[in-house]
Amino acid sequence: FLTYDIRSIDNDVFKSKFFKDKPITADKLSNSQELAEYVKFAKNQAKADYFAIGVSYITDAGINNSTGKNNATGNVFLKIYSTHDSEVIASGSFSEFASGSSADQARANVARKIGNELGKTLSKKIQDYWKKRTMYGSEYVVQFVGDIAPMERIILTKTIKSIDGVSAVNLRTTDQTKIEYIVTYSGEEELADSIFLNISETKLANKFSNYDYKINGNIITFIPNSLYK
(Lines give C-alpha, C1' and ligand atoms only; values in the text may rest on other atoms or scores of the structure.)
Protein backbone atom coordinates (compact mmCIF):
# COMPACT_ATOMS: atom_id res chain seq x y z
CA PHE A 1 0.00 0.00 0.00
CA LEU A 2 2.84 2.40 0.82
CA THR A 3 4.40 1.69 -2.58
CA TYR A 4 1.14 2.76 -4.24
CA ASP A 5 0.71 5.76 -1.88
CA ILE A 6 -2.37 4.31 -0.17
CA ARG A 7 -2.66 5.09 3.53
CA SER A 8 -3.95 2.21 5.64
CA ILE A 9 -5.48 2.36 9.11
CA ASP A 10 -4.82 -0.40 11.63
CA ASN A 11 -8.14 -2.04 12.41
CA ASP A 12 -7.32 -3.36 15.90
CA VAL A 13 -7.81 -0.12 17.85
CA PHE A 14 -10.58 1.05 15.56
CA LYS A 15 -12.48 -2.23 15.91
CA SER A 16 -12.30 -2.06 19.71
CA LYS A 17 -14.01 1.35 19.65
CA PHE A 18 -16.97 -0.02 17.71
CA PHE A 19 -17.40 -3.48 19.23
CA LYS A 20 -15.85 -2.69 22.63
CA ASP A 21 -15.56 -6.01 24.55
CA LYS A 22 -17.82 -7.92 22.19
CA PRO A 23 -15.90 -10.70 20.39
CA ILE A 24 -16.21 -10.52 16.62
CA THR A 25 -14.70 -12.32 13.64
CA ALA A 26 -14.58 -11.32 9.98
CA ASP A 27 -16.66 -14.40 9.14
CA LYS A 28 -19.36 -13.37 11.60
CA LEU A 29 -19.26 -9.70 10.64
CA SER A 30 -19.56 -10.33 6.89
CA ASN A 31 -22.77 -12.28 7.48
CA SER A 32 -24.45 -9.82 9.83
CA GLN A 33 -26.34 -6.55 9.66
CA GLU A 34 -23.55 -4.94 11.66
CA LEU A 35 -21.32 -4.80 8.57
CA ALA A 36 -23.25 -1.82 7.14
CA GLU A 37 -22.98 0.03 10.46
CA TYR A 38 -19.30 -0.79 10.74
CA VAL A 39 -18.58 0.53 7.23
CA LYS A 40 -20.50 3.70 8.10
CA PHE A 41 -18.49 3.98 11.33
CA ALA A 42 -15.26 3.60 9.34
CA LYS A 43 -16.27 6.45 7.03
CA ASN A 44 -17.45 8.86 9.74
CA GLN A 45 -14.99 8.13 12.55
CA ALA A 46 -11.82 7.03 10.76
CA LYS A 47 -12.49 9.10 7.61
CA ALA A 48 -11.74 5.97 5.58
CA ASP A 49 -12.51 6.01 1.85
CA TYR A 50 -12.35 2.22 1.55
CA PHE A 51 -13.11 -0.73 3.78
CA ALA A 52 -11.67 -4.21 3.34
CA ILE A 53 -12.95 -7.37 5.00
CA GLY A 54 -11.92 -10.94 4.51
CA VAL A 55 -10.75 -14.20 6.00
CA SER A 56 -7.57 -16.17 5.48
CA TYR A 57 -6.83 -19.85 6.04
CA ILE A 58 -3.30 -21.23 6.23
CA THR A 59 -3.12 -25.03 6.36
CA ASP A 60 -0.22 -27.30 7.25
CA ALA A 61 0.15 -29.58 4.22
CA GLY A 62 2.63 -31.92 5.86
CA ILE A 63 6.14 -32.91 4.75
CA ASN A 64 7.14 -33.50 1.16
CA ASN A 65 8.89 -36.89 1.14
CA SER A 66 10.99 -35.91 -1.87
CA THR A 67 12.44 -32.73 -0.37
CA GLY A 68 11.95 -33.29 3.33
CA LYS A 69 10.50 -29.77 3.64
CA ASN A 70 7.30 -28.74 5.35
CA ASN A 71 4.53 -27.52 3.07
CA ALA A 72 1.68 -25.08 3.66
CA THR A 73 -1.23 -23.78 1.62
CA GLY A 74 -2.95 -20.44 2.04
CA ASN A 75 -6.34 -19.14 0.91
CA VAL A 76 -7.74 -15.62 1.27
CA PHE A 77 -11.30 -14.46 0.56
CA LEU A 78 -11.67 -10.69 0.43
CA LYS A 79 -13.93 -7.77 -0.49
CA ILE A 80 -13.13 -4.07 -0.64
CA TYR A 81 -15.97 -1.54 -0.46
CA SER A 82 -16.18 2.16 -1.07
CA THR A 83 -17.43 3.68 2.18
CA HIS A 84 -19.01 6.42 0.09
CA ASP A 85 -21.64 4.30 -1.65
CA SER A 86 -20.80 0.68 -0.70
CA GLU A 87 -19.73 -0.13 -4.26
CA VAL A 88 -17.58 -3.26 -4.38
CA ILE A 89 -14.14 -2.24 -5.69
CA ALA A 90 -12.58 -5.69 -5.56
CA SER A 91 -13.64 -9.15 -4.46
CA GLY A 92 -12.54 -12.70 -4.87
CA SER A 93 -10.14 -15.30 -3.58
CA PHE A 94 -6.41 -15.90 -3.77
CA SER A 95 -4.44 -19.09 -3.11
CA GLU A 96 -0.74 -19.88 -2.70
CA PHE A 97 1.60 -22.72 -1.76
CA ALA A 98 4.99 -22.57 -0.04
CA SER A 99 7.49 -24.74 1.75
CA GLY A 100 9.98 -24.23 4.55
CA SER A 101 12.41 -25.98 6.85
CA SER A 102 9.70 -26.08 9.56
CA ALA A 103 5.91 -25.86 9.74
CA ASP A 104 6.15 -22.31 11.11
CA GLN A 105 8.48 -21.23 8.32
CA ALA A 106 6.23 -22.77 5.69
CA ARG A 107 3.24 -20.86 7.10
CA ALA A 108 5.25 -17.62 7.19
CA ASN A 109 6.42 -18.12 3.61
CA VAL A 110 2.96 -18.75 2.21
CA ALA A 111 1.58 -15.74 4.12
CA ARG A 112 4.33 -13.54 2.68
CA LYS A 113 3.65 -14.73 -0.87
CA ILE A 114 -0.07 -14.07 -0.50
CA GLY A 115 0.52 -10.66 1.08
CA ASN A 116 2.86 -9.48 -1.68
CA GLU A 117 0.62 -10.54 -4.56
CA LEU A 118 -2.61 -9.50 -2.90
CA GLY A 119 -1.20 -6.11 -1.92
CA LYS A 120 -0.22 -5.32 -5.51
CA THR A 121 -3.57 -6.47 -6.91
CA LEU A 122 -5.67 -4.56 -4.38
CA SER A 123 -3.60 -1.39 -4.60
CA LYS A 124 -3.99 -1.36 -8.38
CA LYS A 125 -7.76 -1.86 -8.14
CA ILE A 126 -8.11 0.94 -5.57
CA GLN A 127 -6.09 3.31 -7.75
CA ASP A 128 -8.10 2.40 -10.85
CA TYR A 129 -11.34 2.99 -8.96
CA TRP A 130 -10.13 6.37 -7.69
CA LYS A 131 -9.00 7.46 -11.17
CA LYS A 132 -12.37 6.45 -12.58
CA ARG A 133 -14.25 8.40 -9.90
CA THR A 134 -12.01 11.44 -10.39
CA MET A 135 -12.46 11.34 -14.16
CA TYR A 136 -16.16 10.53 -14.42
CA GLY A 137 -17.48 11.50 -10.98
CA SER A 138 -19.54 9.61 -8.43
CA GLU A 139 -23.25 8.86 -8.48
CA TYR A 140 -25.44 10.43 -5.81
CA VAL A 141 -29.08 9.85 -4.97
CA VAL A 142 -30.57 13.31 -4.34
CA GLN A 143 -34.02 13.40 -2.72
CA PHE A 144 -36.37 16.31 -2.04
CA VAL A 145 -39.10 15.49 0.47
CA GLY A 146 -42.38 17.39 0.22
CA ASP A 147 -45.07 18.39 -2.25
CA ILE A 148 -43.13 19.99 -5.09
CA ALA A 149 -45.15 21.28 -8.06
CA PRO A 150 -44.14 20.39 -11.66
CA MET A 151 -42.84 23.90 -12.37
CA GLU A 152 -40.76 23.78 -9.17
CA ARG A 153 -39.38 20.40 -10.24
CA ILE A 154 -38.35 21.85 -13.60
CA ILE A 155 -36.49 24.67 -11.84
CA LEU A 156 -34.83 22.17 -9.47
CA THR A 157 -33.65 20.01 -12.37
CA LYS A 158 -32.24 22.99 -14.22
CA THR A 159 -30.57 24.27 -11.03
CA ILE A 160 -28.80 20.97 -10.30
CA LYS A 161 -27.62 20.68 -13.91
CA SER A 162 -26.02 24.13 -13.66
CA ILE A 163 -23.70 23.15 -10.79
CA ASP A 164 -20.00 22.95 -11.69
CA GLY A 165 -18.93 19.31 -11.70
CA VAL A 166 -22.39 17.88 -12.42
CA SER A 167 -22.28 15.86 -15.65
CA ALA A 168 -25.63 14.04 -15.51
CA VAL A 169 -29.00 14.51 -13.81
CA ASN A 170 -31.65 11.82 -14.19
CA LEU A 171 -35.08 12.02 -12.59
CA ARG A 172 -35.81 8.62 -11.05
CA THR A 173 -39.10 9.07 -9.17
CA THR A 174 -41.57 11.85 -8.53
CA ASP A 175 -44.87 11.99 -6.64
CA GLN A 176 -46.66 14.27 -4.17
CA THR A 177 -44.33 13.34 -1.32
CA LYS A 178 -40.86 13.15 -2.84
CA ILE A 179 -38.66 13.77 -5.88
CA GLU A 180 -35.57 11.66 -6.45
CA TYR A 181 -32.67 12.25 -8.84
CA ILE A 182 -29.53 10.32 -9.76
CA VAL A 183 -26.75 12.89 -10.06
CA THR A 184 -23.22 12.27 -11.38
CA TYR A 185 -20.86 14.74 -9.73
CA SER A 186 -17.09 15.22 -9.76
CA GLY A 187 -16.76 18.65 -8.15
CA GLU A 188 -14.64 19.46 -5.11
CA GLU A 189 -17.34 21.19 -3.07
CA GLU A 190 -19.89 19.25 -1.03
CA LEU A 191 -22.72 18.53 -3.48
CA ALA A 192 -25.47 19.21 -0.92
CA ASP A 193 -24.02 22.65 -0.13
CA SER A 194 -23.69 23.47 -3.84
CA ILE A 195 -27.32 22.53 -4.45
CA PHE A 196 -28.49 24.72 -1.57
CA LEU A 197 -26.35 27.63 -2.74
CA ASN A 198 -27.68 27.45 -6.29
CA ILE A 199 -31.29 27.11 -5.10
CA SER A 200 -30.88 30.31 -3.07
CA GLU A 201 -30.44 32.19 -6.34
CA THR A 202 -33.72 30.94 -7.86
CA LYS A 203 -37.44 31.51 -7.33
CA LEU A 204 -37.39 28.53 -4.94
CA ALA A 205 -35.17 30.29 -2.41
CA ASN A 206 -38.04 31.10 -0.05
CA LYS A 207 -39.53 27.58 -0.21
CA PHE A 208 -36.23 25.86 0.59
CA SER A 209 -35.12 28.34 3.25
CA ASN A 210 -37.02 26.09 5.68
CA TYR A 211 -35.22 22.92 4.53
CA ASP A 212 -32.20 21.05 5.88
CA TYR A 213 -30.46 17.95 4.55
CA LYS A 214 -29.14 14.58 5.68
CA ILE A 215 -26.27 12.66 4.10
CA ASN A 216 -26.05 8.89 4.30
CA GLY A 217 -23.23 7.63 2.10
CA ASN A 218 -24.13 8.72 -1.41
CA ILE A 219 -27.76 9.55 -0.49
CA ILE A 220 -28.55 13.24 0.08
CA THR A 221 -32.03 13.99 1.40
CA PHE A 222 -33.42 17.53 1.55
CA ILE A 223 -36.23 17.63 4.08
CA PRO A 224 -38.39 20.37 5.68
CA ASN A 225 -37.22 21.46 9.12
CA SER A 226 -40.59 20.44 10.56
CA LEU A 227 -39.81 16.81 9.59
CA TYR A 228 -36.07 16.85 10.28
CA LYS A 229 -34.97 14.62 13.17
Item to check | Asp175 versus Thr177, side-chain donor and acceptor atoms under 3.5 Å | outcome: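 Per modelled atom types, Thr177 and Asp175 side chains form a pair under 3.5 Å.
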For [X] and [Y], work out which heavy atoms get closest and say how close.
X	Y	answer
Tyr136	Thr184	O-CG2, 3.2 Å
Ala205	Ser200	CB-O, 3.4 Å
Ile89	Ser82	CD1-N, 3.9 Å
Ser8	Phe1	CB-CD1, 3.8 Å
Ser186	Gly137	CB-CA, 3.5 Å
Val76	Ser56	CG2-CB, 3.7 Å

Next on the checklist: Show every side chain to side chain donor-acceptor pair (under 3.5 Å) that has at least one partner inside residues 61-79, sequence neighbours left out.
Outcome noted: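 Listed by first then second residue: Asn75-Ser95.
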Checklist entry - Can you list every pair that meets side chain to side chain donor-acceptor pair (under 3.5 Å) and has a residue in residues 187-198, with sequence neighbours left out? => result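 As it turns out, the side chain to side chain donor-acceptor pair (under 3.5 Å) pairs with a partner in residues 187-198, which skip direct neighbours, are Ser162-Asn198, Asp193-Tyr213.
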Checklist entry - Is the shortest heavy-atom distance from the side chain of Phe196 to the side chain of Tyr211 under 4.5 Å? => result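 Yes; the side chains approach each other to less than 4.5 Å.
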Checklist entry - Can you find a heavy atom in the side chain of Ile199 that is under 4.5 Å from one in the side chain of Leu156? => result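 The answer is yes; the side chains approach within 4.5 Å.
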Item to check | Evaluation steps, side-chain contact (heavy atoms from CB on, under 4.5 Å), between Tyr140 and Ile219 | outcome: CA-CA 6 Å; Tyr140 294 82; Ile219 302 174; over 6 Å; no
[X]: what forms a salt bridge (charged side-chain N to carboxylate O under 4.0 Å, His left out) with it, not counting sequence neighbours?
X	answer
Glu87	Arg133
Lys161	none
Lys207	Glu152
Asp60	none

Checklist entry - Taking atom CD1 of Ile154 as the centre, does the number of heavy atoms from other residues, nucleotides or ligands within less than 6.0 Å exceed 12? => result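 Yes, the 6.0 Å shell around CD1 holds more than 12 heavy atoms from other groups.
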Would a single hydrophobic cluster contain both [Y] and [X], if residues Ile, Leu, Val, Met, Phe, Trp and Tyr are joined by side-chain heavy-atom contacts under 4.5 Å?
X	Y	answer
Tyr81	Phe94	no
Ile160	Val141	no
Val166	Ile179	yes

Next on the checklist: Show, in sequence, the C-alpha distance, side-chain angles and deciding distance for Thr121 and Lys125, and conclude whether the side-chain contact (heavy atoms from CB on, under 4.5 Å) test is met.
Outcome noted: CA-CA 6 Å; Thr121 301; Lys125 286 185 178 293; 4.1 Å; yes
Checklist entry - After noting the C-alpha distance and the side-chain angles of Leu122 and Leu78, does the key distance pass the side-chain contact (heavy atoms from CB on, under 4.5 Å) rule? => result CA-CA 10 Å; Leu122 297 180; Leu78 187 77; 3.1 Å; yes
Checklist entry - What pairs with Tyr38 under side chain to side chain donor-acceptor pair (under 3.5 Å), at least two apart in sequence or on another chain? => result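 Partners of Tyr38 by the side chain to side chain donor-acceptor pair (under 3.5 Å) criterion, ordered by chain and then number, come out as Asn11.
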Checklist entry - Who pairs with Glu180 by side chain to side chain donor-acceptor pair (under 3.5 Å), at least two apart in sequence or on another chain? => result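 Checked Glu180 against side chain to side chain donor-acceptor pair (under 3.5 Å); matches are Gln143, Arg172.
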Item to check | Residues that Phe41 engages under ring pair (Phe, Tyr, Trp, His ring centres under 6.0 Å), provided they are two or more places apart | outcome: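 Counting only residues at least two positions away or on another chain, Phe41 forms a ring pair (Phe, Tyr, Trp, His ring centres under 6.0 Å) with Phe14, Phe18.
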Item to check | Residues that Tyr181 engages under ring pair (Phe, Tyr, Trp, His ring centres under 6.0 Å), provided they are two or more places apart | outcome: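 With neighbours one apart ignored, the set is empty.
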Next on the checklist: Test of understanding: with side-chain contact (heavy atoms from CB on, under 4.5 Å), list the residues that count as partners of Asp147, not counting sequence neighbours.
Outcome noted: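 Asp147 satisfies side-chain contact (heavy atoms from CB on, under 4.5 Å) with Gln176 once adjacent residues are dropped.
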Checklist entry - Who are the side-chain contact (heavy atoms from CB on, under 4.5 Å) partners of Ile126, not counting sequence neighbours? => result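 With sequence neighbours excluded, Ile126 shows a side-chain contact (heavy atoms from CB on, under 4.5 Å) to Ile6, Tyr50, Ile80, given in chain and number order.
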Item to check | Atom pair OG/CD1 of Ser99 and Ile63 - distance to nearest 0.5 Å | outcome: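 So the OG of Ser99 and the CD1 of Ile63 are separated by 12.0 Å.
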Item to check | Spacing of Ile195 atom CD1 and Ile220 atom CD1 [to the nearest 0.5 Å] | outcome: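 Result: 5.5 Å between the selected atoms.
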Next on the checklist: Between Asn218 and Glu139 (side chain of the first, backbone of the second, donor and acceptor by atom type, cut-off under 3.5 Å), is there such a pair?
Outcome noted: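 The answer is yes, because a donor-acceptor pair under 3.5 Å joins these two groups.
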Checklist entry - So Lys124 and Asp128, salt bridge (charged side-chain N to carboxylate O under 4.0 Å, His left out) or not? Walk me through it. => result CA-CA 6 Å; Lys124 185 68 166 55; Asp128 288 345; 3.2 Å; yes
Next on the checklist: Students often mix this up, so state it plainly: with edges at 30° and 60°, are the rings of Phe144 and Phe208 parallel, tilted or perpendicular?
Outcome noted: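 Geometry flag for Phe208 against Phe144: perpendicular rings.
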